[in-house]
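Below is one structure, written out as structure tokens; the observations come after it.
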Amino acid sequence: MKFEVDSQTLKDLEIFDTVKDGTSVFSLFNFTQCHGGRRVLYNFMSNPLTDLDRLTERTDTIAFFQKHYPDGLKVDKNSLDFAEYYIRHNDFPPRIPSWFTAIERIISDKISTNTEYYFVRKGVESIVDLIKSIHKFFRIITQISTTNKLPKLLEKDNKELSKILSKSEYADILELKTISAHDTSTLDYLFRKTYKNDISFFLELIYQYDAFLSITKAAVKHNFSYAEIVPDSENQFEVKGLYHPFVTNAIANDVRFEQPSNLLFISGPNMAGKSTFLKAMGLSVYLAHVGFPVPAKQMKLSVLSGLCTAINISDNLNSGYSHFYAEVMRIKNVAYKLKTNKNMLVIFDELFRGTNVKDAYDGTLAVVSAFTNIKSSFFVISSHIVEVTKELQENKSIEFAHFEILEESGHPKYTYKLKEGISEVRLGMYIINKENLIEIINDINKEN
């Protein structure tokens, strides 16, 4: 089953869209050395998984590289790109060329403007270098396997490499010091005809491992950890030391759902840290489902079928939608998704901010109460309408939390720490007074 995620969620979490300084989640992980590796990395991040075996396989492989092979493959980007370009062109000779044909080809190239021989020679050299790099990697991984159990993915790849590299032709290639004209013509036919599938396998392996090693570099740089993914039947959700990687010196927080609760209601004023926390939570779940390390100290999560957020909903002028109507349509859209994806994480930041307080109160109460009946999914909803919590407190499916705000010399001090319970802090008038808003308006009247 495909993991349910839509463009609004990808935008909210800034998976591929860049923020103000040009950073996206993808860019945090992109330390790839070649175009093929970047393509594989992008494909991984674009396709979250719901298959526990595939998730575990990928996570185990990335963690293995980080622990046992952090330096990774040393690849020449230009050589790899040329090798792929060369393999895609199938104008090889109809049969293995003779010595005479090889010499004839060289002479023809030298006396004409045709660059065919140069293309072939450079292509062959690139593939020979590729094979030698693969062989070196194979030997290193084989050596590591004598003392450490290989992840399933690496074990499978190593078996295929062993099978391919056992062919006598590859033994001869590994012994090559220089490549003669005859070698060039012979290997050209071998690489682009006889063993083209082998070479394609080598290339894709290099790209895949380039992507894996790129992820390990991100894990080390940003202090990410690997989530423990368990079957969906366990209905688990616990994160310790969660933070957002875009925030410098971010404050880490813990969050967990304990039965019978399936909804976390976060109250409190603006600027306390709610939106950043919600983004971090959604991001950690998304990354866990692509098999990547997550921005947390520890995470245990049952496999989910999807993720939906409503953090940065905007008016849709083309459709004639107001902000409030856009919010309503987003909730409706998520409700339809929940009909076919019954174990999702749904995140809403400041429900119904686009309408009056009474409608926002009534709407929040109705939507939150309805969501608590969907026991197989998790919901996280923030609101500054604290009054609604009085109606919700008797609901055993809801846990309440808020971001701590202390008072220091008459001013609020934001700790960005998530605490249990309901916030009673009101900062609206404090901010209005701090900015001298009323005085500025009154001064206008005096001047007129």
Side-chain angles (χ1 to χ4, degrees), residues 32-44 47 53-54 57-58 61 65 72-98 101-102 105 116-142 145 150-176 179-180 182-214:
T32 53
Q33 301 176 69
C34 60
H35 290 303
R38 187 183 187 281
R39 170 176 54 80
V40 171
L41 182 68
Y42 187 90
N43 184 58
F44 283 163
N47 296 283
D53 289 337
R54 288 184 65 196
E57 191 176 80
R58 183 178 295 170
T61 303
F65 273 119
L73 290 161
K74 302 299 181 184
V75 297
D76 182 272
K77 173 185 174 299
N78 293 327
S79 180
L80 270 179
D81 291 342
F82 194 91
E84 182 170 27
Y85 177 74
Y86 160 76
I87 284 295
R88 285 178 179 172
H89 286 70
N90 291 327
D91 52 342
F92 47 79
R95 60 185 181 281
I96 298 178
S98 63
T101 305
R105 199 170 177 184
E116 178 192 356
Y117 181 72
Y118 169 79
F119 168 77
V120 171
R121 179 169 60 82
K122 185 168 175 56
V124 167
E125 289 172 353
S126 298
I127 298 297
V128 169
D129 288 343
L130 169 69
I131 293 169
K132 289 182 177 180
S133 296
I134 286 286
H135 181 257
K136 182 180 178 181
F137 167 79
F138 170 72
R139 290 180 61 186
I140 291 171
I141 296 300
T142 301
S145 70
L150 295 180
K152 287 183 179 179
L153 181 61
L154 270 181
E155 188 177 345
K156 180 173 63 178
D157 289 343
N158 240 35
K159 283 182 180 178
E160 184 64 21
L161 281 175
S162 178
K163 178 181 174 183
I164 293 173
L165 294 173
S166 66
K167 298 174 183 176
S168 59
E169 290 88 346
Y170 290 109
D172 294 338
I173 291 168
L174 292 170
E175 294 298 321
L176 283 174
I179 303 175
S180 67
H182 182 257
D183 291 334
T184 297
S185 293
T186 302
L187 292 176
D188 177 37
Y189 186 86
L190 190 73
F191 293 157
R192 290 198 286 170
K193 175 65 175 176
T194 310
Y195 289 152
K196 182 178 180 179
N197 289 339
D198 292 353
I199 306 304
S200 296
F201 174 76
F202 291 155
L203 283 168
E204 287 303 317
L205 207 62
I206 288 280
Y207 299 153
Q208 183 172 257
Y209 293 165
D210 184 29
F212 286 152
L213 289 160
S214 175

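Note that the coordinates shown come from a computational prediction; the quantities given were computed from them, not determined experimentally. For the numbers below, each heavy atom of this structure counts, side chains included, while hydrogens, waters and symmetry mates do not.
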Set out, in order, the CA-CA distance, both residues' side-chain angles and the distance that settles ring-ring contact (aromatic ring centres under 6.0 Å, His included) for Y86 and F191, then state yes or no. CA-CA 10 Å; Y86 160 76; F191 293 157; 7.1 Å; no
Should L161 and I141 be marked as a side-chain contact (heavy atoms from CB on, under 4.5 Å) after you check the CA-CA gap, both sets of side-chain angles, and the distance that decides it? CA-CA 11 Å; L161 281 175; I141 296 300; over 6 Å; no
Evaluate the criterion salt bridge (Lys or Arg N to Asp or Glu O under 4.0 Å) for residue pair E160 and K156; output intermediate values, then yes/no. CA-CA 7 Å; E160 184 64 21; K156 180 173 63 178; over 6 Å; no
I'd like to know whether L176 forms a side-chain contact (heavy atoms from CB on, under 4.5 Å) with D183, so could you lay out the CA-CA distance, the side-chain angles of the two residues, the decisive distance to 0.1 Å, and finally the verdict. CA-CA 9 Å; L176 283 174; D183 291 334; 3.9 Å; yes
For Y195 and L187, what are the C-alpha separation, side-chain angles and deciding distance, and is it a side-chain contact (heavy atoms from CB on, under 4.5 Å)? CA-CA 10 Å; Y195 289 152; L187 292 176; over 6 Å; no
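Between the side chain of S166 and the backbone N or O of K163 there is at least one donor-acceptor pair closer than 3.5 Å. In this structure a side-chain-to-backbone donor-acceptor pair under 3.5 Å is present from D210 to C34. Looking only at distances, a side-chain donor or acceptor of S145 sits under 3.5 Å from a matching main-chain atom of T142. With hydrogens and angles disregarded, no donor-acceptor distance shorter than 3.5 Å links the side chain of S162 to the backbone of N158.
Taking the side chain as every heavy atom from C-beta outward, Y42 and R39 never approach each other to under 4.5 Å. A 4.5 Å side-chain heavy-atom check between I131 and I199 finds at least one atom pair inside the cut-off. The closest side-chain heavy-atom distance from R58 to L153 is not below 4.5 Å.
The aromatic rings of F119 and H89 sit perpendicular to each other, their planes meeting at more than 60°, with 30° as the lower class boundary. Using a 30° and 60° split on the angle between ring planes, Y170 and F202 fall in the perpendicular class, above 60°.
Residues D53 and K152 are not paired through a salt bridge, judged by the lack of any N-O separation under 4.0 Å between the basic side chain and the carboxylate.
For NZ of K136, the number of neighbouring non-hydrogen atoms (other residues, nucleotides, ligands) closer than 6.0 Å is 12 at most. Environment of CZ in R139: sparse, with no more than 12 heavy atoms of neighbouring residues, nucleotides or ligands closer than 6.0 Å. Atom NZ of K167 has more than 12 neighbouring heavy atoms from other residues, nucleotides or ligands inside a 6.0 Å radius.
The two residues R121 and T184 come nearest to each other via the heavy atoms CA-CG2, 3.8 Å.
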